[in-house]
Amino acid sequence: MTTVCYRPEGLEQLEAQTNFNKRELQVLYRGFKNECPSGVVNEDTFKLIYSQFFPHGDASMYAHYLFNAFDAAQSGSVKFEDFVAALSVLLRGSIHEKLRWTFNLYDINKDGNINKEEMMDIVKAIYDMMGKYTYPVLKEDAPKQHVEVFFQKMDKNKDGVVTLDEFIESCQEDDNIMRSLQLFENVM
């Protein structure tokens, strides 16, 4: 039985489309192929790999949302190009690109808005991923409180949804968020 392997576009093309140089792309490709020998990763494999980073929690739901954000074409698999495009934005993109990518992650139903249900699903997934052994211990209603604070800050016109413009504006007004977006800029 033969396994069909996927080969990515040329490195020159990826170099032009991302914020990585040829050498960085080669290193990323070797790592990707090591974890995903077929050259593509499905959601189950993605969840398995991602869960290794959160051994004390359940990362499956957050990994599901993250996988959907990486799978821009909604094909059910993430190719190396998808992976590198997302990493390029997250590690080397402009503030606006990072915020747009994050908004798309939170906009689960892809309707162009974040509603309270979507935000609650994301926040619960994050809390589940962090596990029960956080310090200080979280109260049962912590996710609901987190969502309420998020909407008080971000839903500028109080219509019950957060638009991309509201999200970007609110994030840019928050020094903590702006600092966190710059944490990984010198990685690689």
Side-chain angles (χ1 to χ4, degrees), residues 8-9 11-25 27-29 31-32 46 49-50 53-54 59 61-74 78-127 129-130 142-143 145-188:
E9 304 165 9
L11 282 183
E12 294 77 23
Q13 189 173 351
L14 284 175
E15 194 175 1
Q17 294 170 344
T18 67
N19 297 313
F20 295 118
N21 63 38
K22 189 173 184 175
R23 188 182 162 313
E24 291 169 328
L25 287 166
V27 169
L28 287 168
Y29 185 65
F32 188 86
F46 186 88
I49 294 166
Y50 197 75
F53 297 100
F54 301 94
M61 251 352 267
Y62 192 76
H64 166 74
Y65 298 133
L66 204 54
F67 179 84
N68 287 340
F70 273 80
D71 181 17
Q74 302 298 293
V78 173
K79 300 183 306 245
F80 179 67
E81 292 90 339
D82 301 325
F83 175 71
V84 168
L87 270 189
S88 177
V89 169
L90 294 171
L91 298 179
R92 307 255 173 92
S94 69
I95 294 294
H96 198 268
E97 290 169 327
K98 290 176 184 180
L99 290 173
R100 179 181 298 246
W101 194 92
T102 304
F103 180 88
N104 287 331
L105 168 67
Y106 294 170
D107 180 15
I108 296 169
N109 66 10
K110 306 298 178 217
D111 69 350
N113 298 304
I114 301 169
N115 63 41
K116 284 188 178 184
E117 293 78 27
E118 288 171 310
M119 198 65 214
M120 182 61 97
D121 289 345
I122 290 285
V123 170
K124 280 183 180 174
I126 292 170
Y127 279 72
M129 179 175 64
M130 299 315 290
Q145 288 177 346
H146 192 107
V147 169
E148 289 304 320
V149 169
F150 174 89
F151 269 82
Q152 285 172 7
K153 180 189 288 188
M154 303 242 173
D155 185 10
K156 300 284 190 192
N157 64 1
K158 306 296 180 212
D159 64 351
V161 296
V162 175
T163 64
L164 176 61
D165 290 339
E166 288 173 319
F167 183 79
I168 289 173
E169 181 184 337
S170 298
C171 288
Q172 288 178 326
E173 292 169 353
D174 187 309
D175 290 338
N176 290 328
I177 292 173
M178 296 312 292
R179 273 194 300 278
S180 72
L181 289 173
Q182 296 168 344
L183 282 177
F184 299 106
E185 284 185 353
N186 296 319
V187 173
M188 283 197 67

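Numbers here are sequence positions counted from 1.
- Atom CD of residue Glu97 and atom CZ of residue Arg92 lie 13.0 Å apart, to the nearest 0.5 angstrom.
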Q) When you look at Ile95 and Gln182, which way does the side-chain contact (heavy atoms from CB on, under 4.5 Å) test go after all the steps? A) CA-CA 8 Å; Ile95 294 294; Gln182 296 168 344; 4.1 Å; yes
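- Here the side chains of Glu169 and Lys156 are in contact, with some heavy-atom distance below 4.5 Å.
- Within the 4.5 Å cutoff, no side-chain heavy atoms of Gln145 are placed close to those of Val149.
- Taking CG from Leu28 and CZ from Arg23, the interatomic distance works out to 10.5 Å, rounded to the nearest 0.5 Å.
- Judged purely by atom type and a 3.5 angstrom limit, Ser88 has no side-chain atom pairing as donor or acceptor with the backbone of Ala85.
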Q: Assess whether side-chain contact (heavy atoms from CB on, under 4.5 Å) is satisfied between Leu99 and Phe167, documenting all intermediate values.
A: CA-CA 8 Å; Leu99 290 173; Phe167 183 79; 4.2 Å; yes
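- For the atom pair Ile114 CD1 and Met154 CE, the distance stands at 8.0 Å (nearest 0.5 Å).
- A donor-acceptor distance shorter than 3.5 angstrom exists from the side chain of Gln74 to the backbone of Asn68, with no hydrogens or angles considered.
- Between Val162 and Phe103 the shortest heavy-atom distance is O-CE1, 3.5 Å.
- Considering all non-hydrogen atoms of both residues, Lys98 and Gly93 come closest at CE-O, 3.3 Å.
- Side chain of Glu24 to main chain of Asn21: a donor-acceptor pair is present (N/O by atom type, distance under 3.5 Å, no hydrogens or angles).
- Between Val161 and Glu166, the shortest heavy-atom contact is O-OE1, 3.2 Å.
- Around the NZ atom of Lys22, the shell of radius 6.0 Å holds no more than 12 heavy atoms that belong to other residues, nucleotides or ligands.
- Taking 4.5 Å as the limit, every side-chain heavy atom of Val84 sits out of range of all side-chain heavy atoms of Phe32.
- If you take CG on Leu25 and CD on Glu12, they are separated by 10.0 Å, rounding to the nearest 0.5 Å.
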Q) After noting the C-alpha distance and the side-chain angles of Glu148 and Lys116, does the key distance pass the side-chain contact (heavy atoms from CB on, under 4.5 Å) rule? A) CA-CA 8 Å; Glu148 289 304 320; Lys116 284 188 178 184; 3.4 Å; yes
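- Formation of a donor-acceptor pair under 3.5 Å by the Lys110 side chain with backbone atoms of Asn104 is found in this model.
- Between the side chain of Asn113 and the backbone N or O of Asn115 there is no donor-acceptor pair closer than 3.5 Å.
- Closest approach of Trp101 and Leu66 over heavy atoms only: CH2-CD1, 3.7 Å.
- In terms of heavy atoms, Phe151 sits closest to Gly160 at CE2-O, 3.5 Å.
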(Q) Run the side-chain contact (heavy atoms from CB on, under 4.5 Å) test on Tyr65 and Ile122 for me, step by step, so that the C-alpha distance in whole Å, both residues' side-chain angles and the decisive distance to 0.1 Å come before the verdict. (A) CA-CA 8 Å; Tyr65 298 133; Ile122 290 285; 3.6 Å; yes
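- At least one donor-acceptor pair under 3.5 Å links the side chain of Lys158 to the backbone N or O of Gln152.
- Between Phe46 and Phe70, the gap from one ring centroid to the other is short of 6.0 Å.
- Atoms CG and CD1, on Asp121 and Ile126 in that order, are 11.0 Å from each other to the nearest 0.5 Å.
- From His96, atom NE2 reaches atom CD1 of Ile168 across 3.5 Å, with rounding to the nearest 0.5 Å.
- Ring geometry for Phe80 against Tyr29 counts as perpendicular: the plane angle is over 60°, on a 0 to 90° scale with 30° as the lower cut.
- Scanning all heavy atoms of the two residues, the minimum distance from Asp107 to Glu118 falls at OD1-OE2, 3.2 Å.
- Without hydrogens or angle criteria, Asp155 side chain to Asp159 main chain gives a donor-acceptor distance under 3.5 Å.
- Side-chain atoms of Asp82 come within 3.5 Å of backbone atoms of Lys79 as a donor-acceptor pair (strictly under, hydrogens ignored).
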